[in-house]
Amino acid sequence: MAPPIVKLGGLILGGSKSYEWPILAGVSPGESMLVVSKQRTPGLKQLLGKPQALTIEGPRNTLTVQRVYPTEVFPRDKFTDSVKVQDLRWTWPREWIKWEYNVRRSSADRLILNDGGPLELAAFDVDIKYAKWSLYPPENGTTPWTAEQILRHVLGLLGVTLKIRDGDTLPAVEVVDLELDDTGEAAVERVLQHLPGVDIYVNLAGEVVAYDTAKRLHGPTADRADSSILVLERESAKRPLVSGPHAEVIDRTAVRPRSIFVHFTPEVEVRFDFTPDLQRDQPSLRNVVAIPDITLPVTVVGSDGRERSARLARGSLAEIGRVLSAWGAFGRPLSGKGTPEALSVASIPRHYMAHVGGGIEHVWGHDVNGLANPLWLARVRSVLEHWRRTMEIDRQFMDRLETIKAQRVSILNVETARRAPAEVFCDYIRRPSYWGLKTRNMADGKIGWAVRGYHEALRFAQVAPIHVQILDGQAGLFRLMPMADPLGLFSNLVLGYPTPDSPIPTTDPGEANRHGVEANANWDALKLEDTWRMATILTVIPAPTSAARFHTVEVTATQAGETFANGPPIHTRVFPAVMTARYAWADAFKAEIIGAIKGQNAYPPEQLVNGELVRDVAEAVARRIYAGFVDRPVGGLDVDLDPGMEPVGALSSVRHVMANGVTVTQARFSGARRPTDIWRFMNSSTRRVIMRTLNEDGGA
C-alpha cells in the first residue's frame with residue numbers, strides 16, 4: 001500500500017510510512033516527530049520557526065493542520081532526519097503578558113459602617129471602586145472584566161482568537177485584582193483558574209478552543225454516562241470502528257457517599273462583663289495591672305478556680321486588687337501626719353480626679369519628706385495606666401476558647417471584608433478641652449459630660465467612645481483605648497461616674513458657691529463611684545475539642561443532584577479563610593450561646609447571621625466532592641480517520657494516526673487536567689462575599 005503524502009509548508013517530506021498529529025488539552029503545545037528524507041532537509045530548515053500548514057494525504061482521507069511550527073531537526077539515520085513540529089502554543093512561552101484586570105482602588109470617599117450613632121463612635125471604611133484603566137473595554141473601561149473576556153484578551157495579545165465548543169458554556173468566577181506579569185503560557189494558565197472545569201486545545205484549523213471538561217448530561221442517563229461518551233458513540237457512528245480499546249463507564253454507586261458533612265469554624269459574638277462579682281467559668285472580666293517590682297508574692301487564681309501563692313516577676317499581669325494588697329501601705333500620709341495608707345481599689349476613684357491622677361502620684365509616689373521614690377512612682381503609674389483599662393477574661397472560661405477578636409462578626413462590609421469593631425458599654429466622663437470651654441458646648445453650664453452607658457440589658461446600654469485593643473488573644477487579655485474626640489471639644493475620657501455629692505463642675509456661680517470655689521475652678525474635688533461596670537462584645541473562636549464543636553451542614557446526595565449513592569458518608573472541613581459560621585450575640589440567648597461554647601448544646605440557629613452563605617458553600621463543597629465520584633469513563637475508541645473529532649467532556653486526547661496504509665483516529669480518556677474546584681458550583685452572590693468582589697456598579 002502506498003505511503004501517505006506528507007507536506008509541510010508545501011514541501012513534501014517523504015521517507016516514512018507512519019505519521020500522526022495529536023490534539024491535546026492544556027497550555028503545553030501538541031507536537032509530533034515527523035520523518036523527512038535528508039535530501040529535503042535543507043529546504044525544511046528554511047521553514048523552521050515559521051507557521052506552516054501540515055497536510056497528510058492518506059489512501060482514503062486527508063488531514064490538514066493549520067499554524068504548526070517546525071522547530072528542530074534531528075538526525076535519524078543515514079537516509080532520514082526527524083523534525084519536531086508543534087502547534088501554535090509553542091510560541092506562548094516566548095511572549096510576555098503584562099496587564100491588570102479589575103483592580104480595586106480606594107477613593108477619597110469614606111463610608112460609615114455604623115451610621116446613626118455618636119459622632120466620636122463613627123467607624124469608617126474606605127470606599128472601594130475599580131480603577132477605570134483596569135475595566136473593560138481596555139480602550140475606555142466602563143464595566144468589570146469577566147473571566148471569558150480576559151481569556152479572549154490574553155489570547156488576542158498572543159495573536160490567536162478563542163472559539164467555544166458548540167453546546168458548551170464557560171462557568172466562571174468573578175475576577176478581582178488580577179495582575180498578569182508572566183509568560184504567555186503562564187498567563188493563560190492563570191486565567192483558566194477563573195474558569196473552573198474549563199480547558200483549551202488547538203484544533204486542526206489553528207484555533208484555540210475552550211470546552212467544559214466537567215460537562216455532564218442531565219436527564220435519565222445522568223447517573224451512568226458522561227457527555228463525552230455519548231458524543232463519541234454518536235460521532236463514531238459516522239465512521240466504522242476499527243480494532244482497539246473499548247470505552248465504558250464504571251458504575252461508582254457503591255462508593256458514592258450517601259451524604260457529605262461539611263464542618264465550619266464557628267465565630268461567636270460573646271458579651272463579657274466587668275462587675276464587682278467575678279463569676280467563674282463565665283464570660284466575666286477582671287482588671288489586671290502590670291507589676292513593676294522585680295518580684296512580688298501575689299495570690300493568684302488558676303484556671304481550675306483554686307487560689308495559690310505565686311512569686312511573680314516584673315511585667316506580670318495580675319488582678320489589681322490582689323497586687324494592691326501585696327504592696328500594702330506606702331507613700332506619705334493623706335493628712336500630712338500619721339502613717340501612710342495602702343493604695344486600694346476603693347481609694348483610687350476617690351483621688352483619681354485630683355490633677356487627673358497626679359494627686360495619687362503625689363501621695364503614693366513620695367515619702368513623708370516629699371522625695372520621690374522610684375519604685376513607688378512606678379507602682380502608681382502602672383496603676384493609673386491599667387486601672388479600668390486592662391482586662392483579663394476569666395481563665396476557666398478562656399480555656400474553652402482558642403482566641404478572641406475585637407470584632408463584631410454580625411456586621412460585615414462585604415466589599416472589604418471588614419467586620420465592625422468591638423463595642424464597649426460603660427459609664428464615663430468627658431472633660432472639655434480649652435476649645436470646648438470656649439465654644440460653650442456643654443449643657444446646663446456644666447464643664448463636662450457624664451454618661452450612664454452600662455445596663456444589664458444590652459438594648460438599653462449606650463456605646464462608649466472606646467476602642468478595644470487585643471493584647472493577647474490566646475491569654476484573653478485586651479485593653480480599653482478611649483477614642484479622641486474628632487471635633488476637639490473634649491480633652492480626655494475618664495472611666496467612671498461622679499458621686500452624688502461631687503457633681504461635675506459648672507460655670508453657674510450659684511452652683512459654684514454651693515460646692516466651693518474649687519469646684520468651679522477645676523475637677524480636683526470630684527469623686528468617682530466605687531463601683532464601675534463595663535460590658536463589651538467580642539468575637540470568640542471556641543476551642544474545638546472534637547468535630548462536634550463545629551457548625552456542621554449535611555448535604556445529601558439528592559440535594560447535590562445525585563440519584564444513586566450508597567457509599568458511606570464523607571466528612572470534610574471548610575477553613576476560615578473561605579467561610580465561617582457567624583453567630584450574633586443577643587442577651588435573650590445568653591444561656592444557649594454560653595452552653596454551646598461549653599459543648600452542652602447546639603448554637604441557637606436564630607443567631608446565625610450567614611446561614612444562607614454557609615449552606616451555599618456547603619453545597620458547593622459537596623458538589624465538588626461528588627464530581628470526583630461520577631461514573632468514570634475509561635478506555636477509548638479507535639475509528640477510521642475522522643478529522644472532525646476533537647476533545648469533549650472527560651476526553652482530553654485525540655490523536656490522528658496514519659501508519660502502514662491505515663488511517664485511524666484514537667480517542668482516549670486520560671482524566672481531567674485540573675480538578676474542578678468549589679467556585680464552579682457556588683452561587684455568584686456567595687462568591688462575591690468570599691472574594692470581596694465589588695458589585696457590577698462598583699466601577700470607577
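Using modelled atom types, one finds no donor on one side chain facing an acceptor on the other under 3.5 Å when comparing D277 with T275. In this structure, a donor-acceptor pair under 3.5 Å is absent between the side chains of D530 and W532. Using modelled atom types and a 3.5 Å distance limit, the side chains of R573 and T265 yield a donor-acceptor pair.
Looking at residues two or more places apart in sequence or on another chain, you find no side chain to side chain donor-acceptor pair (under 3.5 Å) involving K527. Every residue two or more places apart in sequence or in another chain was checked for a ring pair (Phe, Tyr, Trp, His ring centres under 6.0 Å) with W327, and none qualifies. Residues that satisfy the side chain to side chain donor-acceptor pair (under 3.5 Å) test with Q282, not counting sequence neighbours, are absent from this structure. For Q469, there are no side chain to side chain donor-acceptor pair (under 3.5 Å) partners two or more places apart in sequence or in a different chain. For T539, there are no side chain to side chain donor-acceptor pair (under 3.5 Å) partners two or more places apart in sequence or in a different chain. Scored by the ring pair (Phe, Tyr, Trp, His ring centres under 6.0 Å) test, H366 finds H362 as partners (sequence neighbours excluded). With sequence neighbours excluded, no residue satisfies ring pair (Phe, Tyr, Trp, His ring centres under 6.0 Å) with F272. Evaluation of the side-chain contact (heavy atoms from CB on, under 4.5 Å) rule for L371 yields D367, N369 as partners, not counting sequence neighbours. Legend: residues meeting ring pair (Phe, Tyr, Trp, His ring centres under 6.0 Å) with H571, ordered by chain and number and at least two apart, are F261, H263.
Of the possible donor and acceptor atoms, none in the side chain of D587 sits under 3.5 Å from a partner among the backbone N and O of A457. Counting only distance, with no hydrogens or angles, the side chain of S502 and the backbone of L526 share no donor-acceptor pair below 3.5 Å. For the pair S347 (side chain) and L343 (backbone), a donor-acceptor distance under 3.5 Å is absent.
For residues 317-327, the salt bridge (Lys or Arg N to Asp or Glu O under 4.0 Å) pairs, not counting sequence neighbours, are R286-E319, E307-R322, E319-R322. Applying the salt bridge (Lys or Arg N to Asp or Glu O under 4.0 Å) test to pairs two or more places apart or on separate chains, those with a residue in residues 593-605 are D281-K598. Within the structure, salt bridge (Lys or Arg N to Asp or Glu O under 4.0 Å) contacts touching residues 460-479 (residues at least two apart or in different chains) do not occur.
Across all non-hydrogen atoms, the minimal contact from A591 to N601 is O-OD1, 4.3 Å. Minimum interatomic distance between P340 and A329 (heavy atoms only, all atoms of both residues): O-CB, 3.7 Å. When all heavy atoms of I429 and G496 are compared, the closest pair comes out as CG1-O, 3.5 Å. The shortest heavy-atom contact between I593 and A584 is CD1-O, 3.8 Å. A450 approaches Y497 most closely through the heavy-atom pair CB-CE1, 3.6 Å. When every heavy atom of A618 is checked against every heavy atom of V262, the shortest pair comes out as O-CG2, 3.8 Å.
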- Just do the side-chain contact (heavy atoms from CB on, under 4.5 Å) check on Q407 and L538 with the steps written out, would you? CA-CA 6 Å; Q407 300 174 345; L538 305 177; over 6 Å; no
- Message: Let's go through E529 and R452 carefully: what are the C-alpha distance in whole Å and the side-chain angles of both, what is the deciding distance for salt bridge (charged side-chain N to carboxylate O under 4.0 Å, His left out) to 0.1 Å, and is it a yes or a no?
- Response: CA-CA 12 Å; E529 294 178 343; R452 284 289 191 189; 2.7 Å; yes
- Task: Given side-chain contact (heavy atoms from CB on, under 4.5 Å), test V463 with V424 step by step and report yes or no.
- Result: CA-CA 6 Å; V463 181; V424 177; 6.0 Å; no
- Residues L317, V289; criterion side-chain contact (heavy atoms from CB on, under 4.5 Å); working and verdict: CA-CA 5 Å; L317 291 171; V289 62; 5.8 Å; no
- Task: Run the numbers on E392 and L285 for side-chain contact (heavy atoms from CB on, under 4.5 Å), then give the verdict.
- Result: CA-CA 6 Å; E392 181 185 45; L285 302 172; over 6 Å; no
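Taking CD1 of I404 as the reference point, atom CG of L477 lies at 7.5 Å (rounded to 0.5 Å). Between R379 atom CZ and I360 atom CD1 the span is 15.0 Å, to the nearest 0.5 Å. Between the CG atom in L480 and the OG1 atom in T536 there is a gap of 7.0 Å [rounded to 0.5 Å]. To the nearest 0.5 Å, the span separating CD on Q396 from OG on S284 amounts to 10.5 Å. For the atom pair I466 CD1 and L493 CG, the distance stands at 5.5 Å (nearest 0.5 Å). Note that the CZ atom of R104 and the CG atom of D177 stand 4.5 Å from one another [nearest 0.5 Å].
Looking at I291 and R314, their side chains never come closer than 4.5 Å, going by heavy atoms from C-beta outward. Put simply, the side chain of M579 reaches to within 4.5 Å of the side chain of L613, judged on heavy atoms. Between L324 and I348 the shortest side-chain heavy-atom distance falls below 4.5 Å. Using a 4.5 Å heavy-atom threshold, the side chains of I320 and W387 count as touching. In this structure, the side chains of V540 and T403 stay at 4.5 Å or more apart for every pair of heavy atoms. A heavy-atom distance below 4.5 Å is found between the side chains of F274 and N287. Looking only at side-chain heavy atoms (C-beta outward), F264 and T580 stay at 4.5 Å or farther from each other. Looking at heavy atoms from C-beta onward, L375 lies in side-chain contact with D293 at the 4.5 angstrom threshold.
A salt bridge does not link R533 with D427: none of the charged nitrogens is closer than 4.0 Å to a carboxylate oxygen. Of the charged side-chain nitrogens involved, none lies within less than 4.0 Å of a carboxylate oxygen, so that K132 and E100 do not count as a salt-bridged pair. With respect to the salt-bridge test (charged N to carboxylate O, under 4.0 angstrom), the residues R582 and E269 do not qualify.
Applying the 6.0 Å contact sphere to CD of E456 captures no more than 12 heavy atoms from other residues, nucleotides or ligands.
Ring to ring, Y583 and Y603 are close: their centroids are under 6.0 angstrom apart.
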